[in-house]
Amino acid sequence: MKIVRVCAFVALAFLARGAAAEEMTFIITNSHPYAVELELYSQDRNHVWPGNGQVYLLNDGEEKQVPISCRSGENICYGAWISGDANTYWG
């Protein structure tokens, strides 16, 4: 099982668990005092999760599991911002 830990200034903590070569689950915890919106971005192709103009919303203190389908070896980054304030962001 592959585990990757990334921490951002907003204290979003990520654990990525690879269940299969092309499936991954990000466990995301929002430690910021406000709700945040988040997207995941492929660095290897033009793809965004969740896509279709949607975002993952995490309330203050919320932990969420985000399963995605991806390509084996794909590099995935995140972008997060305070809900309603796209000028304050991390990623």
Side-chain angles (χ1 to χ4, degrees):
M1 176 187 311
K2 181 177 180 183
I3 298 176
V4 178
R5 186 179 303 243
V6 179
C7 294
F9 179 75
V10 302
L12 288 174
F14 290 86
L15 287 176
R17 293 188 186 143
E22 297 178 5
E23 297 289 324
M24 181 170 283
T25 298
F26 285 85
I27 300 172
I28 306 164
T29 303
N30 177 11
S31 298
H32 192 274
Y34 300 105
V36 297
E37 298 175 13
L38 175 123
E39 290 181 317
L40 300 172
Y41 305 96
S42 172
Q43 298 299 290
D44 303 311
R45 60 186 169 122
N46 186 21
H47 193 78
V48 177
W49 294 269
N52 297 321
Q54 298 182 8
V55 296
Y56 300 109
L57 178 65
L58 287 93
N59 291 314
D60 167 26
E62 182 178 8
E63 179 179 283
K64 186 171 283 190
Q65 291 189 17
V66 179
I68 65 169
S69 294
C70 56
R71 295 180 179 168
S72 182
E74 187 166 17
N75 294 301
I76 300 170
C77 295
Y78 74 92
W81 54 94
I82 295 175
S83 186
D85 179 10
N87 291 319
T88 304
Y89 59 90
W90 305 265

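Below, each value reflects all heavy atoms present in this structure, side chains not excepted, and no hydrogens, waters or symmetry copies.
- Between W81 and the options L38, T88, V55, a side-chain contact (heavy atoms from CB on, under 4.5 Å) holds for only V55.
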Show your reasoning for whether side chain to side chain contact (heavy atoms under 4.5 Å, CB included) applies to I76 and F26.
CA-CA 11 Å; I76 300 170; F26 285 85; 4.0 Å; yes
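- The two residues G79 and Y41 come nearest to each other via the heavy atoms N-CE1, 3.5 Å.
- Aromatic ring pairs are classed by plane angle as parallel below 30°, tilted from 30° to 60° and perpendicular above 60°; the pair H47 and W49 is perpendicular.
- Nearest approach of S69 to E23, heavy atoms of both residues: OG-OE2, 3.0 Å.
- The two residues I27 and Q65 come nearest to each other via the heavy atoms CG1-CG, 4.1 Å.
- Taking each heavy atom of E22 and S72 in turn, the nearest pair found is CG-N, 3.9 Å.
- For the pair L57 and E62, the tightest heavy-atom approach, listed with the atom from each and the gap, is O-OE1, 3.7 Å.
- Distance check: E39 CD to Y78 OH gives 13.5 Å after rounding to the nearest 0.5 Å.
- Between Y56 and P50 there is a side-chain heavy-atom pair separated by less than 4.5 Å.
- Of all heavy-atom pairs between A35 and N30, the closest is CA-ND2, 4.0 Å.
- Taking NZ of K64 as the start and CG of L58 as the end, the distance is 5.0 Å to the nearest 0.5 Å.
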